[in-house]
2 protein chains.
Amino acid sequence: MNKANLEQSRKDTRERILDAAERMFMQNGYDGTSMRLVTGAAGVNLAAANYHLGSKEALMQEVLRRRLEVINQERLRVLDEAETKASGKPLKPSVIIDAFFGTLLRVAADQKAGGDTFLRLLGRTITDPSNFIRTFMSGEYADVLERYRQAMFRSLPDVPKAEIVWRFHFMLGAASYAIAGTGTLQLVADWQVDEGAVAQNKNLLPRLMSFLIGGLRAPLPQIDDGNKTVWQ
Amino acid sequence: MNKANLEQSRKDTRERILDAAERMFMQNGYDGTSMRLVTGAAGVNLAAANYHLGSKEALMQEVLRRRLEVINQERLRVLDEAETKASGKPLKPSVIIDAFFGTLLRVAADQKAGGDTFLRLLGRTITDPSNFIRTFMSGEYADVLERYRQAMFRSLPDVPKAEIVWRFHFMLGAASYAIAGTGTLQLVADWQVDEGAVAQNKNLLPRLMSFLIGGLRAPLPQIDDGNKTVWQ
DNA sequence: GCTTGATTCAAACGTGCGTTTGCTCCATGA
DNA sequence: TCATGGAGCAAACGCACGTTTGAATCAAGC
């Protein structure tokens, strides 16, 4: 075995662990997934997971990081591109929303394998209670969220910033639940029948986009502080 | 000790376990919560949980059931009342949405204690991967979902039913994430500062309602099957 | 040919888990 | 007065967990 093959072999084991972990975490959640389950699914020795990844927490972080890195860099790139094209003018809300949520679904659909699995893992992880996951995700998203927040503020100068933040939260929730693919309440009958249904489903993105933009542009509610501006 | 006091004592222990479990499950998730943690927080003996509730799974189900029962019965009552008042005519979408999500928040806000804790637990449980929770929740929601689905279909006769189901899913996601109170991405700075913030926050409901109705009434997306109807 | 260092592996470590076991306590009612 | 049975309790059960250990394996480099 030459050096390249050795390198390949090492990489294979590590990535097989990551791929299996992604699948198991998606299906069973973090606490519901054991190292034995992961290494069993990956077809490697139990100790290999700790050897290559360090710990269960580090394994989870790497599962999330390796894909979020690609997605969030692309999110920044697309936003940069849109702002360059707009040459200083504020972006339309729909452009920002598509750059954020559309990029997520497009990148996931592009991945050779695991894109769909990751989407559903992400949809569940976003509400995970465990502390180290919340901390890690905050860090991974910090830059992207700050840039998109500013873009939204510029895009909607007449809307109170608190209102924008709230609606961004609602959008995140709607998108997360949809890509999680199967919440507790299985309303869409053919969900989870096909493993690759979420990312492959080309109808999800336009459906989601319509809903999100509709929600974002809805008339502002009447709030205690007397703000009655209609958002249009 | 007379019969009434015995009864009271029995009830107290059982309910203290349920209250503590509700709090711990909300904070740590189902798998992340141990029976020792629950009974410790409740100030009762470890064996008391199995004695009064049977098992950890049964404990979780009872935590959810005792509040969902009240909420879902009220949801049915409010919908019945609205349909009676409409005397056969289809309801407005906003009325249906308020009957579903508004009732949830109002009932939770009414509860003397634990309403807010339960809301956040519910927001997280709705994406829980574990099988027995999904099965249980499906059963608990079956009647309510069927009634509301039919009401929505009648309310929007020109909109494809598949589209209505999708948008109901989006709404569920937006609401769940918002009431979970703290997702991984903490956009709203003052969230989770105050234990009673969600249910007490009178501004959440109007904000959520505006967003949901805006999303529900958004123009229909262009779908592969060529449907271009605008939903208005 | 032999050392080196990275990888694999079976086995074990200690710990925390859900649950069960007997025992004690004590109000109840015949 | 005393048997009855619900409730509380300390202790233990067997098991699965994350992690570590130390030996075995093997290509690479001198």
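A note on names: the letters A, B, ... follow the listed sequences, proteins ahead of strands, and every chain is numbered from 1.
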Rounded distance in Å - CG (B/Leu37) to P (C/dT19): 15 Å
Separation of atom OH in B/Tyr30 from atom P in C/dC17, rounded to whole Å: 13 Å
Which nucleotide in C/dT19, D/dC17, D/dT19 has an atom nearest any side-chain atom of B/Ser55: C/dT19
Distance test, side-chain N/O of B/His52 to OP1/OP2 of D/dG8, below 4.0 Å: yes
Whole-Å distance separating the CG atom of A/Leu53 from the P atom of D/dT20: 14 Å
A/Ser210 side chain vs A/Arg207 backbone, donor-acceptor pair below 3.5 Å: no
D/dA16 phosphate, OP1 or OP2, under 4.0 Å from A/Ser34 side-chain N/O: no
Atom-pair distance (CE on B/Met35; P on C/dT15), nearest Å: 23 Å
Whole-Å distance separating the CG atom of B/Leu59 from the C1' atom of C/dT19: 13 Å
NZ or CZ of A/Arg75 within 45° of A/Phe100 ring axis and under 6.0 Å: yes
Interatomic distance, A/Asn50 CG vs C/dT8 C1' [rounded to whole Å]: 14 Å
Nearest heavy atoms of A/Lys56 and A/Thr33, plus distance in Å: NZ-O, 2.7 Å
Sugar-phosphate, base or nothing in reach of B/Thr33, heavy atoms under 4.0 Å: sugar-phosphate
Stepwise ring pair (Phe, Tyr, Trp, His ring centres under 6.0 Å) test for B/Phe170 and A/Phe170: CA-CA 9 Å; B/Phe170 295 145; A/Phe170 295 145; over 10 Å; no
For B/Arg106, all residues meeting side chain to side chain donor-acceptor pair (under 3.5 Å), sequence neighbours excluded: B/Asp98
Output one line per pair: protein atom, nucleotide atom from nucleotides 10-12 of chain C, and distance, for all N/O pairs under 3.5 Å.
residue, atom, partner, partner atom, Å
C/dA10, OP2, A/Asn45, ND2, 3.3

Ring centroid separation A/Tyr148 to A/Tyr141 under 6.0 Å: no
Atom-to-atom span, CE of B/Met24 to P of C/dG18 - whole angstrom: 14 Å
Closest heavy-atom pair and its distance - B/Met60, B/Ile133: CE-CD1, 3.7 Å
